[in-house]
Amino acid sequence: MNFPKIAEQTIEKLGGKSNITTLAHCATRLRLTLSDESKVDKEAIENIEGVKGQFSTSGQYQIIFGSGTVNKVHAEMQKQMGIGDMSTSEVAAAGSTANQPLLQRLVKGLADIFVPIIPAIVAGGLLMGIHSMLTSVGFFWEGESVATKYPEFADLIDFINTIANAPFVFLPVLLGFSATRKFGGNPFLGAALGMLLVHPALADGWNYAKTLMEGNIKYWNVLGFEIEKVGYQGTVIPTIVSAWVLATLEKGFRKFVPSYLDNLVTPMMSLFIAGVLAFTVIGPFGREAGSAISAGLTWLYDSLGFIGGAIFGTFYAPIVITGMHQTFIAVETQLLAEVANTGGTFIFPIAAMSNIAQGAACLGVAFAMKDAKVRGLAVPSGISALLGITEPAMFGVNLRYRQAFITAMIGSGLASAFIAFFNVKAIALGAAGFLGVPSIKPDSLAMYSVGMAISFIVAFSISAVWVKKAQAKK
């Protein structure tokens, strides 16, 4: 591929250098803000080599090139435009967020908080899955696990478990840093707030209900108020709300504290007040709210069974289009943090069924179509979706051939109903697709594999037939 030429054409068809305000990229897409979107030649952009689709959302214009390719196009565009590196959050900030609906801003805000810490959660989660396989009786041998058959590896397996648990035990530290930065405060103060919430002097938050029932909760007596000495390990809502309070206090103090006292007074008072509110108001309420949301979704899934799975799986891809799926990260993190009670997250397996269906439907289009360019786009996009990255398949192919998108929804719905019937859950996050196997509970792997097969076969076969018939009528 001639990347200098691709970059030159992209800049030209976007209305020239003067029309491009900001430029960044994510895993698969160029993400830009433009001075005047009406200057974009959308039809010409579609014909640029490597382009798999384009769309405009939340004040950003996004062009899909796919993994690897987008990095090279972005680098060449930077060189030709003479601009430096920008983060996707900086591009997002340059968009017209003020005019976005409240729900859209909420979704974007959650995404901005969670996306930076996903690598830590994924790393810990996958190691947790490996530990589960190594300690699961009957996974490799009848009546035995790796830990019991080879006791010399017991300490190594325990060490893996310790590493795996770290991101979840200290989740408030990661969230405190990321959320406070998002809210415009000092992220290191946010990390300190997170450390406070998991301080070793506090009772273990994982066993709060049991400790409370046994009457073993200890209290601080502060001016007649009793404050529970309990940590917030693995919690999401208390940490995010506390981080917002911390950042708000910090910005508020800076408005009237003299500059010569700012470095002393502002951090101290912000952290102290946020800490007090975290343990007296925000924490207790947030703990209950987070548990209620997770329990509510789990109850809905468990109560409706395969019907709930079918509904969720069918509409997962449309949810992704709206961006609402970003809010699921908070729920999944909470479910995984309380895996002993929840058994894991049902969202990840359903997301995998949806991604596989999108990939299979996209490959169905490649099978049905004779156009070399369509096939050249559909085959790599379909494979990418099977491995967990669906944007090229969804936006570049399936939505263009709407029969493929509807077919993918059908395949996802049927496969999700199947895995919900067998209560398939994940104990880690990872690549939601064929590579998601290490994230699944060992006793659910067989049914997860059958679910993947259902999703792929249904989506591929119906898509190939339906798209071919639809094109024949034109």
Side-chain angles (χ1 to χ4, degrees), residues 1-86 88 90-92 94-96 320-321 323 358 361-362 365-366 368-385 389-405 467 470-471 474:
M1 295 178 71
N2 187 337
F3 292 106
K5 183 180 178 181
I6 292 171
E8 182 182 351
Q9 291 176 333
T10 303
I11 293 169
E12 178 189 346
K13 303 309 177 186
L14 284 169
K17 297 179 183 179
S18 60
N19 197 41
I20 301 173
T21 309
T22 61
L23 168 69
H25 73 90
C26 58
T28 59
R29 290 162 282 163
L30 282 178
R31 299 167 72 124
L32 314 101
T33 54
L34 306 173
S35 299
D36 185 357
E37 202 169 298
S38 65
K39 294 181 179 180
V40 177
D41 188 341
K42 295 181 181 180
E43 186 176 342
I45 288 177
E46 289 285 352
N47 294 319
I48 294 175
E49 183 185 8
V51 171
K52 296 178 170 65
Q54 59 186 311
F55 60 97
S56 179
T57 179
S58 305
Q60 294 182 53
Y61 201 83
Q62 303 190 23
I63 304 175
I64 306 167
F65 279 99
S67 297
T69 303
V70 70
N71 304 64
K72 295 173 183 176
V73 174
H74 174 265
E76 191 59 43
M77 286 182 69
Q78 274 189 314
K79 188 188 299 183
Q80 293 184 21
M81 294 176 64
I83 60 175
D85 288 334
M86 295 190 75
T88 54
E90 288 174 313
V91 173
S96 55
V320 170
I321 292 175
Q358 290 292 331
C362 187
V365 173
M369 301 291 287
K370 295 180 180 179
D371 189 297
K373 184 175 181 181
V374 173
R375 286 184 170 181
L377 171 61
V379 170
S381 298
I383 293 172
S384 173
I389 299 175
T390 57
E391 285 93 344
M394 284 177 59
F395 294 104
V397 179
N398 294 349
L399 285 171
R400 188 178 301 174
Y401 302 93
R402 64 181 183 279
Q403 297 87 358
F405 188 78
V467 170
Q471 294 303 306
K474 291 184 177 181

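Contact record, Ala378 with Val397: CA-CG2, 4.0 Å, taken as the closest heavy-atom pair. The two atoms that bring Cys362 and Gly382 nearest to each other are SG-N, 3.7 Å, heavy atoms only.
Between the CE atom in Met77 and the CD1 atom in Ile20 there is a gap of 4.5 Å [rounded to 0.5 Å]. To the nearest 0.5 angstrom, Leu32 atom CG is 11.5 Å from His25 atom NE2. Between atom CD of residue Gln60 and atom OG1 of residue Thr22 there is a gap of 7.5 Å, rounded to the nearest 0.5 Å. Taking NZ of Lys42 as the reference point, atom CD of Gln54 lies at 7.0 Å (rounded to 0.5 Å).
For Asn47, the side-chain hydrogen bond (donor to acceptor under 3.5 Å, both in side chains) criterion is met by Lys373, not counting sequence neighbours. Under the rule for a side chain to side chain contact (heavy atoms under 4.5 Å, CB included), the partners of Lys79 that lie at least two apart in sequence or sit in another chain are Glu76. Looking at residues two or more places apart in sequence or on another chain, you find a side chain to side chain contact (heavy atoms under 4.5 Å, CB included) between Arg400 and Glu46, Leu377. With sequence neighbours excluded, the residues satisfying side-chain hydrogen bond (donor to acceptor under 3.5 Å, both in side chains) with Ser38 are Asp36. Qualifying side-chain hydrogen bond (donor to acceptor under 3.5 Å, both in side chains) partners for Gln403, counting only residues two or more places apart in sequence or in other chains: none.
In this structure a side-chain-to-backbone donor-acceptor pair under 3.5 Å is present from Lys17 to Gln80. Using modelled atom types, no side-chain atom of Arg31 and backbone atom of Gln62 make a donor-acceptor pair closer than 3.5 Å.
A heavy-atom distance below 4.5 Å is not found between the side chains of Phe55 and Leu399. At a threshold of 4.5 Å between non-hydrogen side-chain atoms, the residues Phe65 and His74 do not count as touching. Counting heavy atoms from C-beta on, the side chains of Asn19 and Leu34 come closer than 4.5 Å.
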Please table the atom pairs, donor to acceptor, closer than 3.5 Å between any side-chain atom in residues 7-14 and protein atoms at least two apart or in another chain.
residue	atom	partner	partner atom	Å
Thr10	OG1	Ile6	O	2.7

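A donor-acceptor pair shorter than 3.5 Å can be found between the side chains of Gln358 and Asn398.
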